[in-house]
Amino acid sequence: MRLALRIADAQNLADDLRAAMANRTTIDLACGVIMAQNRCSQDEAMALLTKASSHRNQKLRDLAAGVIGRVSDGAVTTHFDP
C-alpha cells in the first residue's frame with residue numbers, strides 16, 4: 001500500500017512539473033513578444049506582463065496565452081523528451 005501511495009505521489013509531482021514547464025514556455029514566449037514590440041529587456045517585459053496580470057486580476061499564464069494568441073495563429077506547444 002505504501003509503495004502504491006509513493007508511486008501515485010511521484011506521478012502527481014511529475015504531472016505538476018510538466019504543467020509548470022508548459023506554462024513557463026507560454027510566459028517566456030509572451031515576454032519575447034513584449035520585448036520585440038517595446039524594445040525592452042526581459043526583466044522589463046516580465047514586469048509589464050506581471051503588472052498587467054495583477055491589474056486585470058488574471059492569471060499570468062492566461063494573459064501570456066492571450067499575448068501569444070494575438071501574434072500567432074496556432075496554439076503554443078511545448079516539446080519535452082520523456
Checklist line | Atom pair CD1/CG of Ile27 and Asp62 - distance to nearest 0.5 Å | finding: 9.5 Å

Margin query: Tell me whether Gln58 at atom CD has more than 12 heavy atoms from other residues, nucleotides or ligands lying less than 6.0 Å away.
Written below: yes

Checklist line | Leu17 CG to Arg24 CZ distance, which is reported to the nearest 0.5 Å | finding: 14.5 Å

Next item on the list: Mind listing the closest non-hydrogen atom pair of Cys40 and Glu44 along with its distance?
Entry: CB-OE1, 3.1 Å

Item checked: Pairwise distance CG(Asp9) to CG(Leu5) - rounded to 0.5 angstrom -> 6.5 Å

Margin query: Looking at Asp15 and Arg18, is there a salt bridge between them, counting it only when a charged N and a carboxylate O are closer than 4.0 Å?
Written below: yes

Next item on the list: Could you pull out all residues at least two apart from Arg56 that satisfy side-chain hydrogen bond (donor to acceptor under 3.5 Å, both in side chains)?
Entry: none

Checklist line | Distance-minimising heavy-atom pair for Thr26 and Arg61 | finding: CG2-O, 4.1 Å

Margin query: Rounded to the nearest 0.5 Å, what separates atom CG in Leu63 from atom OG in Ser53?
Written below: 6.0 Å

Item checked: Stepwise side-chain contact (heavy atoms from CB on, under 4.5 Å) check, Val33 with Arg70 -> CA-CA 10 Å; Val33 169; Arg70 284 191 289 279; over 6 Å; no

Item checked: Spatial distance of atom CE (Met46) from atom CG (Leu60) [nearest 0.5 Å] -> 5.0 Å

Check: Which heavy-atom pair separates Val67 from Leu49 by the least distance, and what is that distance?
Finding: CG2-CD1, 4.3 Å

Item checked: Separation of Ile34 CD1 from Leu29 CG (nearest 0.5 Å) -> 11.0 Å

